[in-house]
Amino acid sequence: MNGKKAYSLLKKLEFVRTGGSKEELAAANILLDEVKSIKKEAKIETFEVQDSIIKDVKLEVISPKSKAYPVTGYSCSGSTPKEGLEAPFYYLQASQEIDFLKAKDKVVLVNGYMNYDLYEKLAKAQVKGFITYSGDIMRDSKSSYIDERELRAQLHQKFGKIFGLHMKTKDAMDLVKSNPDKVRIKLLQDEVVGESRNVVAEILGSEIQDEVIVFTAHYDSVPFSKGVYDNGAGSVILMELYRHFSNKNPKRTLRFIWCGSEERGLLGSKAYVAKHIEQLDKIVLCINVDVGGVVLGKDIAMVTADNSLLNYVDYMAKEKGFSLEARQDIYSSDCMPFVDAGIPAINFARFGSDGAAHIHDSYDKMGFISSSSLETTGNIVEEFAKRMANAYMMPIPRKIPENIVDKVNKYLKKNVKKD
Ligand SMILES: [Zn+2]
């Protein structure tokens with residue numbers, strides 16, 4: 001594994017590249033060109049994503065004292081009437097039954113990220129709109145940006161649209177302190193169908209072509225983040241693995257998928273699995289890399305597969321002298337749609353220690369990344385992949401253990417059968 005090559009490719013990817021944007025397309029083309037420079041072919045597989053153009057968004061307190069706050073609008077959360085929508089305000093501080101009783105017909109401010117459970121409860125409580133906030137109370141200043149949020153299709157398809165706004169923590173505190181009775185929210189947007197893409201390259205097996213190992217890493221970022229730690233790092237590690245295996249004649253077929261729109265809800269890997277449903281039974285393993293390159297941190301392997309794989313990777317680390325913390329669990333990344341299709345997965349990552357890495361914000365930049373850290377993780381993945389690619393027979397059972405299946409279903413919000 002050549003950490004220097006990985007590092008220089010990572011520098012080229014150091015720009016905001018949200019799923020479905022033209023910057024994401026530019027990043028896809030950088031990956032495509034890199035594959036070509038290895039004198040191989042890659043293709044781009046596109047898929048549809050929902051997008052929106054926000055035309056206008058406002059939050060105003062109208063009584064007792066009028067005041068406006070800077071906000072962003074949740075894309076794909078619908079449009080209010082042109083003049084906006086007036087409603088009483090409620091600070092929904094916790095997901096207690098009492099909170100939802102009080103929330104009916106109000107615009108509510110909630111803590112933390114919007115998630116499936118909270119959204120379901122807000123929909124049932126018939127709120128008129130919701131507001132989330134993020135940022136640091138000490139660091140927020142007039143110049144700092146307000147995060148951009150999206151209402152995921154999974155939520156509004158199931159529970160209907162609720163108008164969503166997002167604001168800074170500092171302003172949220174000010175809003176609650178002012179104890180407003182009534183607010184007016186305005187959100188006008190055009191919702192359109194956009195396009196995102198996966199980049200796919202393959203090395204055909206020299207002996208067992210019908211057994212495929214897929215390597216996945218997402219190359220998109222969240223808004224305002226240059227996404228080198230999450231997950232340009234995994235993308236360039238994948239590229240170095242591709243370079244390594246491209247002239248090694250591995251026994252099995254190796255397929256590299258750089259996934260788009262992961263940050264928007266694993267859209268790229270979901271699209272890949274849906275599109276290739278007929279060929280999934282050939283895939284024997286998914287090796288996913290998500291976050292890496294951080295100088296201060298540790299390497300981990302999250303095994304979303306049979307316990308024997310956990311032991312295997314742990315033994316391998318001990319045998320080869322790798323510092324690697326291995327566990328069996330699910331991992332919120334592009335492996336999940338594969339796991340859901342019954343394909344065992346292993347996730348490699350280098351987690352930054354507290355304060356030594358930034359994720360999902362404007363500080364995720366090259367400053368805390370090194371070529372040797374990329375190389376450290378890359379070497380672990382390479383050693384493991386080499387063994388899997390060339391094993392006489394595939395040693396990992398193609399099944400997902402029960403304890404993991406439950407977690408996967410919960411994570412992907414399936415209706416778990418009760419018996
Ligand atoms: Zn990620």
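Both counts, for ligands and for their atoms, begin at 1 and track the order of listing. FYI, the numbering just counts along the sequence from 1.
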For Asp99, all residues meeting salt bridge (Lys or Arg N to Asp or Glu O under 4.0 Å), sequence neighbours excluded: none
Pairing residues for Glu191 by the salt bridge (Lys or Arg N to Asp or Glu O under 4.0 Å) criterion, not counting sequence neighbours: Lys161
Any donor-acceptor N or O pair under 3.5 Å, side chains Glu148, Ser75: no
Cation-aromatic face contact Lys102/Tyr90, 6.0 Å, 45 degrees: no
Set of residues satisfying ring-ring contact (aromatic ring centres under 6.0 Å, His included) with respect to Phe224, sequence neighbours excluded: Tyr145
Stepwise salt bridge (charged side-chain N to carboxylate O under 4.0 Å, His left out) check, Lys11 with Glu14: CA-CA 5 Å; Lys11 275 208 299 207; Glu14 191 190 18; over 6 Å; no
Distance criterion under 2.8 Å: protein N/O/S atoms around the Zn ion (ligand 1): 4
